[in-house]
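Here's the structure, in structure tokens; my notes come after.
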Amino acid sequence: MENALRSRGKGLFRVDGHDRGSGTTNIFLIAHDDAVELSIETSLRLLENGTLKRGMRIGRAVYHDEGRKDWHYQPVFPPSLTEFEIMYQGTPAP
């Protein structure tokens, strides 16, 4: 998945690592503020065309301070997602 994101992201974002644990794999995309929406759209297209695995959840960081040390995650996908967490303790994706 990381390679697919890197190759199809075309420099729009940076792909950062893949922590794994408790049945969850996290891949972080780092984008400039003006590229966040397009990065999300690109990820959703890759999911729709089968390049990324079904069952993915997407969240975006919303920062509360200029130093970007205080944030929360806003759920983005799937549309029914009401809370986005980094670890889900093995709960299957909706």
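FYI, the numbering just counts along the sequence from 1. Treat the numbers as computed from the prediction; the structure is a model and nothing was measured.
- Across Gln74 and Val62, no two heavy atoms sit closer than the pair CB-CG2, 3.8 Å.
- In the hydrophobic clustering of ILVMFWY residues, with side-chain heavy atoms under 4.5 Å counting as a link, Ile30 and Ile58 come out apart.
- Put simply, OG on Ser43 and CG on Leu29 are 5.0 Å apart, with the number rounded to the nearest 0.5 Å.
- Listed for the Asp16 side chain is no donor-acceptor partner under 3.5 Å among the backbone atoms of Phe28.
- Shown here for Leu46 and Arg8, the closest heavy-atom pair between the two residues is CD2-CD, 3.2 Å.
- By the 6.0 Å contact criterion, NE2 on His32 is open, its count of non-hydrogen atoms from other residues, nucleotides or ligands being 12 or less.
- Nearest heavy atoms, Arg68 versus Tyr63: NH1-CE1, 3.3 Å.
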Going through the distances and angles, do Ile86 and Tyr73 end up as a side chain to side chain contact (heavy atoms under 4.5 Å, CB included)?
CA-CA 9 Å; Ile86 296 297; Tyr73 290 104; 3.8 Å; yes
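- Smallest separation of non-hydrogen atoms from Phe13 and Ala31: CB-CB, 4.0 Å.
- Judged by distance alone, the side chain of Asp65 and the main-chain N or O of Asp70 form a donor-acceptor pair under 3.5 Å.
- Within the 4.5 Å cutoff, the side chain of Val15 has heavy atoms near those of the Ile27 side chain.
- Between Lys10 atom NZ and Leu38 atom CG the span is 11.0 Å, to the nearest 0.5 Å.
- Between atom CZ of residue Arg14 and atom CZ of residue Arg6 there is a gap of 10.0 Å, rounded to the nearest 0.5 Å.
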Could you go through Thr42 and Leu12, starting from their C-alpha distance and side-chain angles, then the distance that decides it, and tell me whether this counts as side chain to side chain contact (heavy atoms under 4.5 Å, CB included)?
CA-CA 9 Å; Thr42 299; Leu12 183 63; 3.7 Å; yes
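- The closest donor-acceptor contact from the side chain of Thr51 to the backbone of Leu47 lies at 3.5 Å or more, if one exists at all.
- Expressed to the nearest 0.5 Å, how far CE of Met1 lies from NZ of Lys53 amounts to 5.0 Å.
- Ion pairing of Arg57 with Glu85 is absent here, as no side-chain N (NZ or NE/NH1/NH2) approaches a carboxylate O to less than 4.0 Å.
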